[in-house]
Q: 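I have a structure I would like to understand better, so I am pasting it below and will then ask my questions one at a time.
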2 protein chains.
Amino acid sequence: MRNVSQSTVRRLSVYVRVLEDLERRGGETVSSRGLADRAGTTSAQVRKDLSYFGSFGKRGLGYSVPELLKSLRAILGLDRAWGVAVVGAGRIGQALARYPDFADKGFDVRAVFDNDPQKIGQRWDDLEVLDVGDLPQVFRERQIEIVILATGAESAQSVANQVVACGVRAILNFAPVKLQVPAGVGLNNVNMVPELESLSFALTNPQATARGVSGASQEPS
Amino acid sequence: MRNVSQSTVRRLSVYVRVLEDLERRGGETVSSRGLADRAGTTSAQVRKDLSYFGSFGKRGLGYSVPELLKSLRAILGLDRAWGVAVVGAGRIGQALARYPDFADKGFDVRAVFDNDPQKIGQRWDDLEVLDVGDLPQVFRERQIEIVILATGAESAQSVANQVVACGVRAILNFAPVKLQVPAGVGLNNVNMVPELESLSFALTNPQATARGVSGASQEPS
DNA sequence: ATATGTGAACATTTTCACAGCT
DNA sequence: AGCTGTGAAAATGTTCACATAT
């Protein structure tokens with residue numbers, strides 16, 4: 001399983017969502033085409049993505065929904081719970097800390113931190129906002145493995161350094177800065193302003209954007 | 001200027017951020033290398049990205065910071081204000097509606113909607129949560145051009161249909177569903193669960209992830 | 001000497017097309 | 001017949017390297 005692209009991993013994530021849905025509806029098997037249509041890609045792409053990890057289907061039949069789901073969950077590491085902390089208790093940090101889908105998918109938000117005395121001590125559901133000074137201790141106690149960074153731009157890098165020093169090797173960054181992290185630390189960025197700006201570009205330059213119909217099937221019938 | 005990739009557009013957005021920073025510090029000129037280092041890419045990439053839109057530099061000298069900034073803003077459509085509405089007044093909708101960076105960059109959040117009578121009428125700063133039933137009228141009155149969709153998964157598609165019917169041609173979707181929109185409508189998705197899942201993948205499969213040092217310069221010195 | 005702009009080389013990702021299994 | 005798994009082809013995106021301008 002060498003050199004799998006980010007795009008492939010993100011699509012696997014979508015396949016899991018689709019398979020969960022199919023399972024809920026009692027679907028037994030699905031073809032690469034069926035998966036692709038629901039995931040918004042092509043059957044060839046589905047088969048290629050899966051082929052990096054093994055062969056999961058039966059020729060002539062397609063894939064068993066529960067089996068493929070189980071395999072993909074194992075590949076993505078979703079067959080276990082992860083300890084997550086949110087650093088930054090502003091509106092975005094709060095929204096993320098209490099986002100119900102994270103818990104549903106096994107991402108357990110076990111702590112929230114801020115450095116603002118006004119916020120420290122606030123209770124949200126069963127979370128209490130903790131002092132960022134206590135971060136190392138709490139990380140150890142609660143086995144934090146993934147950090148969601150929702151501080152302002154100014155503090156993001158220094159918080160990142162701190163959490164990396166605590167042994168965290170995965171950061172999801174919402175602060176609008178390019179973080180420097182050592183090799184071996186996974187870093188994903190969610191940048192909301194560039195997302196809006198790319199829409200602004202599309203509105204401003206309709207020619208450059210006439211691309212794909214975001215409508216029906218991606219494949220020839 | 002045909003067929004510019006999404007990646008190029010997103011990088012332009014980053015260049016704008018870097019240039020704004022340089023301008024604030026009083027920088028007069030910058031080389032493709034200087035821009036690249038700050039933006040986390042390579043000088044060749046910077047020059048190639050810019051070359052899709054024209055030639056902005058002076059050989060031997062580099063780029064004038066204010067001039068390049070002005071050009072890039074025009075290309076991205078950031079030399080004007082955009083009318084933005086947020087639909088869905090949950091925690092995420094609220095965080096986005098009040099996110100100060102949007103206003104700073106010319107994305108004016110002019111309305112927030114929900115269908116929950118409990119939320120309708122709430123005031124946040126100078127925004128009032130409106131009834132989603134009034135959407136068409138308010139969109140016309142306030143000239144809404146971009147919609148941030150922050151509803152639950154169930155209502156997202158129907159809201160999308162509504163706003164498209166109102167003439168909106170750009171949607172930033174935070175709901176965890178694949179929206180179907182007609183050709184010509186720009187759609188960007190922010191999916192937080194897949195972001196976390198790709199980190200979970202990286203933690204679970206360190207071999208497949210040994211890639212790039214997210215640290216120092218991308219180029220040979 | 002310095003640094004852009006760009007065609008050509010390279011790398012990566014996606015799509016095609018088909019052999020092979022059910 | 002139906003559908004997977006996969007090499008080969010095509011398309012797309014990135015990097016090189018250099019002619020050209022200051």
Side-chain angles (χ1 to χ4, degrees), chain A residues 1-12 14-15 19 27-65 67-68 71-72 198 208-212 217-221, chain B residues 1-12 14-15 19 22 27-65 67-68 71-72 75 198 208-212 217-221:
Chain A
M1 182 228 296
R2 295 263 310 310
N3 259 358
V4 182
S5 75
Q6 273 290 307
S7 341
T8 292
V9 175
R10 292 231 168 69
R11 281 190 299 265
L12 293 184
V14 177
Y15 303 156
L19 289 164
E28 301 276 302
T29 62
V30 66
S31 64
S32 54
R33 176 68 122 89
L35 246 178
D37 285 350
R38 281 166 246 251
T41 180
T42 64
S43 55
Q45 185 74 79
V46 167
R47 295 197 300 275
K48 188 58 102 182
D49 285 339
L50 297 179
S51 79
Y52 295 124
F53 301 95
S55 17
F56 304 98
K58 286 202 174 55
R59 299 182 188 218
L61 294 175
Y63 305 86
S64 147
V65 170
E67 277 174 28
L68 183 56
S71 305
L72 291 187
S198 109
T209 312
R211 56 180 84 262
S217 173
Q218 247 56 33
E219 336 211 5
S221 21
Chain B
M1 180 232 294
R2 295 266 310 310
N3 258 358
V4 183
S5 74
Q6 272 290 308
S7 341
T8 292
V9 175
R10 291 233 167 68
R11 281 191 299 266
L12 292 185
V14 177
Y15 303 156
L19 288 164
L22 287 170
E28 302 277 302
T29 62
V30 66
S31 64
S32 53
R33 176 70 123 89
L35 246 176
D37 285 351
R38 282 166 247 252
T41 181
T42 64
S43 55
Q45 184 75 78
V46 168
R47 296 197 300 277
K48 187 58 101 181
D49 285 339
L50 297 179
S51 79
Y52 295 125
F53 301 94
S55 17
F56 305 97
K58 285 202 175 56
R59 298 184 187 219
L61 294 175
Y63 305 86
S64 148
V65 170
E67 276 173 29
L68 183 56
S71 307
L72 292 187
I75 290 164
S198 110
T209 313
R211 55 180 86 263
S217 172
Q218 249 53 35
E219 332 211 8
S221 20

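Just so you know, these numbers use all the heavy atoms, side chains as well, and skip hydrogens, waters and symmetry mates. Labels below follow one simple rule: chain letters A, B, ... track the order of the sequence lines, proteins then strands, and each chain is numbered from 1.
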Q: Between B:Thr8 and B:Val4, is there a donor-acceptor pair closer than 3.5 Å when you use the side chain of the first and the backbone of the second?
A: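 No; zero donor-acceptor contacts below 3.5 Å.
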Q: Please pick, from C:dT15, D:dT14, C:dT4, the nucleotide with the shortest atom-to-atom distance to any side-chain atom of B:Ser7.
A: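 Closest of the options to the side chain of B:Ser7: D:dT14.
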Q: Name the closest nucleotide to the B:Ser51 side chain, picking from D:dC3, D:dT15, C:dT6.
A: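 Minimum distance to the B:Ser51 side chain belongs to C:dT6.
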Q: Within the pair A:Ser32 and D:dT4, is there a side-chain N or O less than 4.0 Å away from OP1 or OP2?
A: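 Indeed, a polar side-chain atom of A:Ser32 lies that close.
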Q: Please state how far atom NZ in B:Lys58 lies from atom P in C:dT4, giving the value in whole angstrom units.
A: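 To the nearest whole Å, that distance equals 12 Å.
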Q: Write down the distance between CD (A:Gln6) and P (C:dA11), rounded to a whole number of angstrom.
A: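 About 21 Å, once rounded to whole Å.
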Q: Could you tell me whether the phosphate oxygens of D:dT22, OP1 or OP2, come under 4.0 Å of any side-chain nitrogen or oxygen in B:Tyr63?
A: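 For D:dT22, neither OP1 nor OP2 has a side-chain N or O of B:Tyr63 closer than 4.0 Å.
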Q: Please tell me if A:Arg11 has a side-chain N or O lying less than 4.0 Å from either OP1 or OP2 of C:dT13.
A: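 For C:dT13, OP1/OP2 do not have a side-chain N/O of A:Arg11 under 4.0 Å.
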Q: Nearest whole Å is fine: how far is C:dG5 P from B:Phe53 CZ?
A: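 Spelled out: CZ on B:Phe53 to P on C:dG5 is 14 Å.
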Q: Starting from C1' on D:dT14, measure out to CZ on B:Arg10 and report it in whole angstrom.
A: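 Distance, rounded to whole Å: 18 Å.
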Q: With a non-hydrogen cut-off below 4.0 angstrom, is A:Thr42 in contact with a base, only sugar-phosphate, or nothing?
A: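 The answer is sugar-phosphate, as A:Thr42 gets under 4.0 Å only of primed atoms, P, OP1 or OP2.
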Q: Of the options D:dT4, C:dT4, C:dG7, whose atoms approach the side-chain atoms of B:Lys48 most closely?
A: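 My answer, after comparing the listed nucleotides, is C:dG7.
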Q: Nearest whole angstrom, please: distance from the P of D:dA10 to the CD of A:Gln45.
A: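 To the nearest whole Å, that distance equals 18 Å.
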Q: Can you measure A:Arg47 atom CZ to C:dC21 atom P for me and round it to whole angstrom units?
A: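 Between P of C:dC21 and CZ of A:Arg47: 16 Å.
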Q: Which is more 5' along DNA chain C, the nucleotide nearest A:Gly60 or the one nearest A:Thr8? Just name the residue.
A: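 Going by which nucleotide is closer to the 5' end, it is A:Thr8.
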Q: For A:Arg33 and D:dG2, give me the distance from atom CZ to atom P, rounded to whole Å.
A: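 After rounding, the reported distance stands at 13 Å.
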Q: Looking only at heavy atoms, what is the nearest atom pair of A:Leu50 and A:Phe56, with distance?
A: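 For A:Leu50 and A:Phe56, the tightest heavy-atom pair comes out as O-CE1, 3.5 Å.
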Q: Considering only C:dT14, D:dT14, C:dC16, which nucleotide approaches the side chain of B:Tyr52 most closely?
A: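 Of C:dT14, D:dT14, C:dC16, D:dT14 is nearest to the side chain of B:Tyr52.
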Q: Kindly indicate whether the side chain of B:Arg59 and the base of D:dT20 share any N or O donor-acceptor pair separated by less than 3.5 Å?
A: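 Yes.
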Q: Please walk me through it: do A:Thr41 and A:Asp49 pass side-chain contact (heavy atoms from CB on, under 4.5 Å)?
A: CA-CA 11 Å; A:Thr41 180; A:Asp49 285 339; 5.8 Å; no
Q: What closest approach, in Å, do B:Ser198 and A:Arg10 show between heavy atoms, and which atom pair accounts for it?
A: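 For B:Ser198 versus A:Arg10, the nearest heavy atoms are OG-NH2, 4.3 Å.
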Q: Once you round it to whole Å, what is the distance between P of D:dG13 and CG of B:Leu12?
A: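 Rounded to the whole Å, the gap is 14 Å.
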Q: What's the shortest heavy-atom distance between A:Tyr63 and A:Ser32, and which atoms?
A: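 Closest pair (atom of A:Tyr63, atom of A:Ser32, distance): CE1-N, 3.8 Å.
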